[in-house]
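The block underneath contains the structure these notes are about, expressed in structure tokens.
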Amino acid sequence: MTEDAATPPTPEHASRTSRGEPSTFLEAIAEALFEEMIRDEAVLLLGEDIGEYGGAFKVTRGFLDRFGPDRVVDTPIAEAGFTGLAAGAAHVGLRPVVEMQFMDFISPAYDVITNYIATSRYRGAGAQPLVIRGPVGGGGRAGPFHSQNVEMAFFHTPGLNIVYPSTARDAKGLLKAAIRSDEPVIFEEHKGLYRAPFLREVLPVDDLVIPLGKARTAREGEDVTVVTYGMMVHRCLAAARSLEEEGVSVEVVDLRTLLPLDDDHIMESVRKTGRLLIVHEDTRTGGIAGEIAIRVNEQAFEWLDAPIARVTAPDAPVPYAPDLEDAFLPDEAEIARAVRYLAKY
Amino acid sequence: MAETAEQDQIMEPQEAPQVELDRYSKEELHRFLGEMLFYRRFEEKAEEAYAIGKIGGFCHLHIGQEAVALGMIGPLREDDYVITAYRDHTQGLAKGADPGAVMAELYGRDTGTSRGKGGSMHIFDVEKGFMGGHGIVGAQVPLAAGMGFAIRYREEDRVCVCFMGDAAVNQGAFHEALNMAAIWKLPVIFVVENNEYGMGTAFSRVSALPVVDRARGLGVRAHHVDAQDIVRTHAFMEDLVEEVRGGAGPQYVDARTYRFKGHSMSDPVSGTYRSTEEVESRKKEQDPIGVLRDRLMEAELLTEEELEELDKEARARAQEAADWAEEQPDPDPSELYTHVYAEENEHGRLYFDGRDREED
């Protein structure tokens, strides 16, 4: 793509890599969107306040000037309507990326996602490949409707993909893969990671695409496997570092994609350590820990030396009050306690 | 204020004008009659097959509403899009889906339009621009807006026609979609098949305003048409489609029709939510096939013999579809897991149906 005087400037935050600068998690997402829009004219963005305002979290700041209102579409506040519209456009060949201003607001679109988008291929209609992305997660004192994790509302629906990255590199590579995928993808971005200074990194200059459906080992260890994703990856890594000093070697597996789950990666680690802790920020009942536990039971039971354990948020809405919210979210101490229990078992 | 008055003027619903028969050739008029007879005979075949258990689940017949399918879809090009709700068999046929494949889908066979996975409510023929077949009231309306959005995005001159029943206009998705179609001037014609009943509830019992007035607050031009009159409906739609192709933006059509059968197969035709007298009088006065037949005979454009011949052909085509469907294979149980994702994905699950592990 040649840049001439008539082309509006590339948004600074969406082009750090090309200047050799480090990107935050949020900037990595902006880069993925920007590069995919340059690569493929069928890619467009839809969402509330994403154009003139630049998005609630400013992910798409400057995109409207660069790509125009046909490709950066400020929608009415009507999630069922614009998600359905995106599905229809995807059905006939476009590649829409829908932003939920907060992922909590996806619920009005639950019908179109689970009944229509997820089943389109099965019903003989062909794919409706679109990405629905947006901020999730607690810790920001944002209360019950702006702090949730939405994965388990969709995890049960065959036909969907759910991606939940934990690093800037993964955020960029997985989002690019999601946009190119022929599957519908729900893409969760933890708000606490968006501008976290410790996640700033210089990203590879080449086209960074990380395949969906593959977990990664965030830290190698021998004694206990901790399977987790998103913000909790970093809390688990912190716990692992402190446990190292106690002589407990912890392996941390970052799922990256929740649906489909990378069973092989999980089993390989469990077969090595014989002990499994699952950690998620989402609430407990019906959480992904239950599904992972039964799969390990099915596929690696003989290798287990201890019961499978989990650390999760309790079964409650995300509270507002700081003390309450801190108590709600799984922390390093809880994770370490659970690992110690397993290591000694 | 002047602007508001002008907008009010534009937003005043327009009635589709009556048209003279000579707008069409005799051959064309005979084709209209023959197609509607075919739709009717096709649906009667489906009804028959349902009664003896060859078709299961839900099955919504279009009998009485044939002129909507033909009149609204007939004027479209193959590359235009049609999307609809679950009373979708004849709309699929009108858009060019193969009758055998549609019937095979009703029979749940491997060669059905959705390989037996969709059934009656989910007929598709994407190559012919028939975008389904959707089982939830009103939820297809935003998808239609999306197809209109894609047309505009790629600067094509296609149009999208979106059917819905009258009850759909009370869904939130309807209002969201029409608003977006209006602000972005999308080339979508929203057609309400107004048969006066949402399943077993009269529209007027659950709506404060009539169907035709429901788009006014959304900035979409409204029309109404006697959709039991194929000549009027077809001519109206021909003109409207060309306007939309030329950039007129979204349109809203109250297509006034009537359902002669129950909502679905398990539903009585009359006696609970509508009277037998009402149904009988509508069948007598407003059968789209009867209306055209009488008009053609009066104009001496149709003889009894020609009518019989057309009906014989229609019956033969319906029979052919049913015979073909009958011979089709059932889907293999392994098909259960295909078409969920682009590539079949086992997710490493442990099953007890013999698919993955040898019995020890």
Side-chain angles (χ1 to χ4, degrees), chain A residues 41-42 44 46 69-71 73 75-94 96 108-109 111-112 115-130 158-161 181-183 213 259-264 266-267 294-295 297-299, chain B residues 81 83 105 112-119 121-126 129 131-136 139-154 158 160 171-181 183-184 186 337-343 345-351:
Chain A
E41 278 215 341
L44 71 148
L46 295 143
D70 285 345
R71 298 187 68 194
V73 184
T75 63
I77 299 177
E79 289 83 5
F82 65 71
T83 306
L85 180 142
H91 206 164
V92 296
L94 298 189
D111 171 41
V112 72
N115 277 319
Y116 284 17
I117 294 169
T119 66
S120 182
R121 191 190 299 279
Y122 206 69
R123 288 180 290 125
Q128 295 182 346
L130 78 169
L160 298 177
N161 279 233
S181 167
D182 287 331
E183 312 284 7
L259 192 64
L261 261 181
D262 187 354
D263 286 21
D264 292 346
I266 297 168
M267 299 315 150
I294 189 70
R295 291 192 191 198
N297 187 54
E298 288 163 348
Q299 298 173 55
Chain B
Y81 300 122
I83 184 168
E105 187 59 34
T113 50
S114 302
R115 298 167 306 269
K117 293 174 178 177
M121 297 192 278
H122 305 284
I123 304 297
F124 273 90
D125 191 332
V126 173
M131 310 307 286
H134 294 86
I136 289 181
Q140 79 280 11
V141 187
L143 273 78
M147 288 167 197
F149 186 94
I151 293 167
R152 204 205 53 170
Y153 190 89
R154 293 194 287 231
R158 304 182 207 224
C160 176
Q171 281 277 18
F174 164 84
H175 295 263
E176 297 182 21
L178 262 72
N179 179 52
M180 291 188 290
I183 57 179
W184 297 326
L186 305 181
Y337 304 99
T338 61
H339 304 101
V340 180
Y341 291 96
E343 291 171 25
N345 191 320
E346 289 290 323
H347 292 198
R349 289 170 291 196
L350 173 66
Y351 296 95

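First the proteins, then the strands, lettered A, B, ... as listed; each starts at 1.
- For the set Arg152(B), Gln140(B), Arg154(B), the count of heavy-atom pairs under 4.5 angstrom toward chain A peaks at Arg154(B).
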Residue pair Val92(A), Met131(B): steps toward the side-chain contact (heavy atoms from CB on, under 4.5 Å) verdict
CA-CA 9 Å; Val92(A) 296; Met131(B) 310 307 286; 3.8 Å; yes
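- The contact between Asp111(A) and chain B is made entirely by side chain atoms (from C-beta outward), counting heavy-atom distances below 4.5 Å.
- The closest donor-acceptor contact from the side chain of Tyr341(B) to the backbone of Leu160(A) lies under 3.5 Å.
- Proximity to chain A is absent for every atom of Ile123(B), based on heavy atoms less than 4.5 angstrom apart.
- At a 4.5 Å heavy-atom cutoff, the contact between Val112(A) and chain B is made by side-chain atoms alone.
- Heavy atoms of Ala90(A) lying under 4.5 Å from chain B are absent altogether.
- Contact of Tyr81(B) with chain A is made through the side chain alone, with heavy-atom distances under 4.5 Å.
- Only the side chain of Tyr116(A) comes within less than 4.5 Å of a heavy atom in chain B; its backbone stays farther off.
- In this structure, chain B has a heavy atom under 4.5 Å from the backbone of Glu41(A), while its side chain stays farther away.
- Using a 4.5 Å cut-off between heavy atoms, Ile183(B) contacts chain A through its side chain alone, with no backbone atom that close.
- For chain B, the nearby parts of Ala80(A) are the backbone and the side chain; heavy atoms of each come within less than 4.5 Å.
- Within the 4.5 angstrom heavy-atom criterion, atoms from both the backbone and the side chain of Val340(B) approach chain A.
- Of the possible polar contacts, none joining the Glu176(B) side chain to the Phe82(A) backbone as a donor-acceptor pair under 3.5 Å is found.
- We find the OH-CG distance between Tyr153(B) and Leu94(A) to be 6.5 Å, quoted to the nearest 0.5 Å.
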